[in-house]
Amino acid sequence: MQIAWEPDLGTLRAHLENRLPAALDLLREMVAINSFTANRDGVNRLGRRTAEAFAPLGFSTERVPAANPAWGDHLVLTRPGNGERAVAMISHLDTVFPPEEEERNDFRWRVAGDRIYGPGTHDIKGGTVMMWLVLDALRACAPALFEAVTWKLFWNAAEEAFSPDFGPLCRERLAPGTRAALVFEAEGREEDQPDRPGLVVARKGRTAWRIRVSGRGAHAGARHARGANAIVQLALLLPHVARLTDYARGLTFNVGTVWGGTVTNRVPHEAVAEGEFRAFDTATFVEACVRLQALAGPGEVCSPEDGFPCQVAVELVSETRPWPRNDGSDRLFEIWRTTAAALGLDPEPEHRGGLSDGNLLWDVVPTLDGLGPRGENDHCSEHSADGSKTPEYVAVSSFVPKATWNCLAIARLMAES
Ligand SMILES: [Zn+2]
């Protein structure tokens, strides 16, 4: 016999409206805790507050130290169900704003009309609060479903720094019978298309690289011809790197930083550039790796005296694989799309350039992202009087409709699978 799991829409909405003030109080507390990735104590304080908020829903806590001891602990909350199905929900604790920057830009909780400005309101403390709203509402309005499902909640302590250990951590702990990994990063929606929210079904992968040119140092006055100028070599090389960008294939190369040389009376012996590249599909990604590495070897800049060439070394520093479009994500999107019709929404499958923890999970469990509230200007703390700079904010009016939608879609997912 199938238990009736679908919550009644009217009851669900009323419950969520009722709980919104408590949810916003929780968000306000979370935003007040600076949780910049490198602020270990702040991240851990936020982790404790998060565990406290979910404890009344019956969740037990596990803290897992991050591989990098400078970062805070990852957080895993579990509520075992009495059935065979499980759902994983994913968020992160850290933000990109150091405490000094928040101070300098007076960037903190500020309500203006429908917007709440502040660090992490949108990325991703608003997403964490969305998880809380959804679970609280399911417990109240669909108790049989809430009790049947094993809920497993994961918070990355260092998502903004591409923490490499978080993927394996989640994979090891996914409950048997996990039907979906739901990622609560922000929803995508164009200002002029209010009925067309974007849910993320694919994300680019990213490889960080370093190009190091070793030349030969020499006295710039006495032995100029003996030198092999590493900066000149690097400068000749970088346009080749930039030209590897291919927008038609969704491939972007970014030269991010350069440095080289020491003082002006030396022919510089060393120059270094760092950057990254991104692509959606695995084939493009692998090809980009090969083309970048083909730049390694002896360069064209040589010592005029004896032909000693500059040497180019290409190093791949870190890699996060792409999350390509796939059947599992498409099936989940379809469930959210069907459910949205009752709410007057027509969502779009979004391919996003930025990474999320979805990149680490899509190949082991069907993954859908963008389930958080709506807002804008992630990673920006600046504010200018002429409005050309607006800091990160979340839209208050997006919480209840999105939580309603998420609850209905989760109920349908559980009923169908
Ligand atoms: Zn995020």
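Just follow the structure's listing: the first ligand is 1, and inside any ligand the first atom is 1.
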Those residues at least two apart in sequence (or on a different chain) that pass ring-ring contact (aromatic ring centres under 6.0 Å, His included) with Phe154 are none
List for me each residue that meets ring-ring contact (aromatic ring centres under 6.0 Å, His included) alongside Phe184, sequence neighbours excluded, and say none if there are none. none
Are Glu62 and Arg173 close enough for a salt bridge, meaning some N to O gap below 4.0 Å? yes
Hey, which protein N/O/S atoms does the Zn ion (ligand 1) have under 2.8 Å? His92 NE2, Asp123 OD1, Glu185 OE1, Glu185 OE2
Check: Trp155 ring centre within less than 6.0 Å of Phe54 ring centre: yes
Checking Glu315 now: which residues fulfil salt bridge (charged side-chain N to carboxylate O under 4.0 Å, His left out) with it, not counting sequence neighbours? Arg210
Do the rings of Phe253 and Trp209 sit parallel, tilted or perpendicular, given the 30° and 60° boundaries? tilted
